[in-house]
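This structure is a prediction, so every number in the text was calculated from the model and none was measured.
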Amino acid sequence: MKEILPSAIEDYEKIPFQDFTRKAYLNYSMYVILDRALPHIGDGLKPVQRRIVYSMSQLGLLSTAKHKKSARTVGDVLGKFHPHGDTACYEAMVLMAQPFSLRYPLVDGQGNFGDPNDPKSFAAMRYTESKLSKYADIFLLELDQGTTNWTPNFDGTLEEPSLLPARLPNLLLNGSTGIAVGMATSIPPHNLREVANALIYLIDNEDSTVEKLCRFIKGPDFPTEAEIITPAREILDMYQSGTGRIKMRARYHVENSEIIFTALPHHASTEKIYEQIAAQMAEKKLPMISDIRDESDHEESTRLVIIPRSGRVDLNALTDHLFATTDLEKSFPVNMNVIGLNGKPQVKNLLSFMTEWLEFRTYTVRKKLNFKLKKITERLHILDGLLIAFLNIDEVIRIIRVSDHPKKDLMKIFLLSEAQAQAILEIRLRQLARLEEIRLRAEKKELESHKESFERILGDETVFKEYIKEEIRSDAKEYGDKRRSPIKERKEAEKFSVMDVIDVEPVSIILSKNGWIRSAKGHDINPESVKFLSGDSLLGCLRTKNDKPIVFIDDTGRSYMLYSHSLPSARGNGEPLTRHLSIPANAHIRYMVSSENNQYYLIGSDNGYGFIIKFEDLLTGFKNGKAVVTLKNNHELLEPDSIGDLEKDNILAVTNKGRLLIFSLKQLPYLKKGQGNKIISIPEKEMYSKHPETLKFLKVLPENSDIVIHSGKHSFKLGPGNQWNYTGLRGHRGKMLPRPYMNVDRVETIPVEHVDV
């Protein structure tokens, strides 16, 4: 390898690396912003769209021509003006042809150009054919009339227009979306007739405001017929700031008790909405729907049928829920960021947007009229020379016959310009007829009339404005149509709770030790007879109703919540709780509880601490639950017990070494979370001995209840009158049970039946 000499390295420019990267990134950013992603306010097109329209016009693919293969167009665009990927170029052309993507398509496609459910399902360019639409004429009618600047193409062999002379504000009519570097644009489409009326008003009232323009432009007008439900005040705020959000809602009607959606929001897919509703049905969140069908076809591009169950179903509440939970209601973000006439991107409000486009249009029309005036003046000059020749035809013929330099002699004798003399020399013999002179005089008279008209338009500002207004009116009549997206006032959609519509019935929730859960109808199920997967067994069976929340508490003191209607049927093995909840790998569910929100529970741990908690404080909407009980030094949580009467109930605490303490429930605090207060005293030397003493049972003792202590095959009953010996204050040591019953296996509290004598 040839060695690079140090002197050769010195010949290169040296700049700091950070300066080089900053400059390179800025150059790339500006290229993406100006030449790729953002449209220009003048013609409302991105460079690739502009080049497609111009290339198709050069190929003769106007709206009156026959369709040609799309591959031919893409090839011309890439080879002459846009040296990028053919896939991206073709996709841009397809987008310009989709009537569900553009309010006023620029391309007339023939073949598979995609559908609203999947806009990118179009056929390859070798299979489709295309030509320009009639609306595309607004870009081309004045292209050859001196209205635009021309720039060299990428290799300098051809010229292309830097902007197309759009006769209407296409960017406002068709909208645009794009993501550049550090900025983006999202402009909604509008109705041509409404925009035209606003432009005419703005021409006459230069001091107009956004509020006044909104008398004509009520809001965006999307290709779909879905309703715009954004309040008028918010639409006005959007137009004043240039940013905001437009909310759309699907249109529907009820037919034979079936809900039929016929128009979806812009960029919404029937297929996706079908999947969203079907998923809710699978999760038992829509029990009032028996079936859903997608009946969309070529005749009806959108027909989504919802079939409610027989019986009384509130269809308004159902549709309201569907709007709130699916793409049947969807928002379109608005960010009117465009490249202005100064070549810089900026977010513009409606007034500045339309004012700047009118400035562009005014400049274009002046260039057009001056170009025509110049052409007319040049032609009149030629006609004057031709008429001089006709008046002196014999002398002209003689000079041409005998002169060696007829052009110079004609110019000298008849005081003609070089262009006039050249035109005379190019006259054919058949043009020397008398009728030709009459035609020339008629043409001159007509051109003089046009010249006078153009001079009057250019010389009088009022007439000039009227000329622009008349062009706008003419185009609005030619290309305009009725509004498609109705603007309606609708109340905010609210999703309903499933409990509002399900049939309330008793259920039994079965949870296995390995965390598999299922729900069985009724309370008569025997949990001992339930079969589990190999290596698994019953952890608990909770009898509740299907409209009640279920709280799961793990061995770390966290609570989680689910509704039984979302759980799988007990006909199978169920499914793991981890499919619904985010339970840490080192945690295991220990207990299940279900009750009314105002129900109180006694909860504690085996270190002898506890507190009173309300059921609603156990509820949480987070999949990963929330911390409720603070457990230290690997202490274990005890099973929560429901409280009947906060004023009269007592607490019963039993340790694993046979100590029993009874005290009033009122001595324990109500907390939302934490460790709680000391329930029974356990000395540290006992708690941390080789055989530690812990709190084994913590139960609520209703007033006038018997206590039954079970130890092995023996039991020991303490009636209300015999409990005083074990009654004390919270936090005391408690008293030892009789020796045969110190090893307690189970504790029961049984209310004493009162018999009236």
How many angstroms lie between atom [atom1] of [X] and atom [atom2] of [Y], to the nearest 0.5 angstrom?
| X | Y | atom1 | atom2 | value |
| --- | --- | --- | --- | --- |
| Leu695 | Leu661 | CG | CG | 9.5 Å |
| Leu718 | Gln723 | CG | CD | 6.0 Å |
| Ile260 | Thr302 | CD1 | OG1 | 13.0 Å |
| Asp745 | His714 | CG | NE2 | 11.0 Å |
| Leu286 | Arg309 | CG | CZ | 10.5 Å |
| Met687 | Asn633 | CE | CG | 9.0 Å |

Would you confirm whether [X], through its side chain, and [Y], through its main-chain N or O, come within 3.5 Å as a donor-acceptor pair?
| X | Y | answer |
| --- | --- | --- |
| Ser681 | His732 | no |
| Lys699 | Asp641 | no |
| Arg730 | Lys678 | yes |
| Thr749 | Leu701 | no |
| Ser186 | Pro333 | yes |
| Gln276 | Asp327 | yes |
| Thr224 | His266 | no |
| Asn677 | Leu668 | no |
| Arg303 | Glu295 | no |
| Glu616 | Asn598 | no |

May I have the step-by-step check of side-chain hydrogen bond (donor to acceptor under 3.5 Å, both in side chains) for Ser512 and Asn514, ending in yes or no?
CA-CA 5 Å; Ser512 76; Asn514 288 345; 5.7 Å; no
For [X], is the [atom1] atom crowded, meaning more than 12 foreign heavy atoms sit under 6.0 Å from it?
| X | atom1 | result |
| --- | --- | --- |
| Asn634 | CG | no |
| Lys120 | NZ | no |
| Lys673 | NZ | no |

Run the side-chain contact (heavy atoms from CB on, under 4.5 Å) test against Val708 and tell me which residues pass, sequence neighbours left out.
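Result, side-chain contact (heavy atoms from CB on, under 4.5 Å) vs Val708: His710, Ser715, Lys717, Glu748, Ile750.
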Are side-chain heavy atoms of [X] and [Y] found at a separation under 4.5 Å?
| X | Y | value |
| --- | --- | --- |
| Leu631 | Thr556 | no |
| Thr655 | Lys696 | no |
| Thr243 | Val334 | no |
| Leu638 | Phe697 | no |
| Met238 | Ile246 | yes |
| Ile517 | Phe552 | yes |
| Leu542 | Leu511 | no |
| Thr326 | Gln280 | yes |

Look at the aromatic rings of Phe716 and Tyr741 and report parallel, tilted or perpendicular, splitting at 30° and 60°.
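Parallel.
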Pick one: which of Ser519, Ser594, Ser595, Ser508 meets side-chain hydrogen bond (donor to acceptor under 3.5 Å, both in side chains) with Thr544?
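Of the listed options, the one satisfying the test is Ser594.
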Hey, are Glu234 and Lys247 close enough for a salt bridge, meaning a charged N less than 4.0 Å from a carboxylate O?
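Looking at Glu234 and Lys247, the cut-off is not met.
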Run the side-chain contact (heavy atoms from CB on, under 4.5 Å) test on Leu637 and Arg590 for me, step by step, so that the C-alpha distance in whole Å, both residues' side-chain angles and the decisive distance to 0.1 Å come before the verdict.
CA-CA 8 Å; Leu637 184 71; Arg590 289 289 301 274; 5.5 Å; no
Which heavy atom in [X] sits nearest to a heavy atom in [Y], and how many Å separate them?
| X | Y | result |
| --- | --- | --- |
| Leu538 | Pro527 | CD2-CB, 3.6 Å |
| Thr620 | Ser559 | CG2-O, 3.6 Å |
| Glu329 | Phe323 | CB-O, 3.2 Å |
| Ser664 | Asn650 | CA-OD1, 3.3 Å |
| Pro692 | Asn656 | O-ND2, 3.1 Å |
| Ile613 | Leu618 | CD1-CD2, 3.7 Å |

Pairs where residues 663-672 contributes a residue and the test salt bridge (charged side-chain N to carboxylate O under 4.0 Å, His left out) is met, not counting sequence neighbours
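Sorted result for residues 663-672: empty, none.
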Sort and list the pairs that fulfil salt bridge (charged side-chain N to carboxylate O under 4.0 Å, His left out) and have at least one residue in residues 642-655, not counting sequence neighbours.
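Residue pairs passing salt bridge (charged side-chain N to carboxylate O under 4.0 Å, His left out), neighbours aside: none found.
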Could you go through Val551 and Leu619, starting from their C-alpha distance and side-chain angles, then the distance that decides it, and tell me whether this counts as side-chain contact (heavy atoms from CB on, under 4.5 Å)?
CA-CA 7 Å; Val551 169; Leu619 303 179; 3.6 Å; yes
Among Leu646, Leu671, Val700, Ile651, find the one that has a side chain to side chain contact (heavy atoms under 4.5 Å, CB included) with Ile612.
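The residue from Leu646, Leu671, Val700, Ile651 that satisfies side chain to side chain contact (heavy atoms under 4.5 Å, CB included) with Ile612 turns out to be Leu646.
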When you measure from the centre of the six-membered ring of Phe222, is the NZ or CZ of Arg249 under 6.0 Å away and within 45° of the axis?
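No, Arg249 does not lie over the aromatic ring of Phe222.
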Under 3.5 Å, is there a donor-acceptor pair between the [X] and [Y] side chains?
| X | Y | value |
| --- | --- | --- |
| Ser296 | Asp294 | yes |
| Tyr670 | Asp617 | yes |
| Ser564 | Asn546 | no |

How far apart are the C-alpha atoms of Arg293 and Glu258, what are their side-chain angles, what is the distance that settles it, and do they pass the side-chain contact (heavy atoms from CB on, under 4.5 Å) test?
CA-CA 11 Å; Arg293 294 197 304 265; Glu258 297 177 348; 4.1 Å; yes
Give the intermediate values and the outcome of side-chain contact (heavy atoms from CB on, under 4.5 Å) for residues Thr630 and Tyr609.
CA-CA 10 Å; Thr630 302; Tyr609 283 80; over 6 Å; no
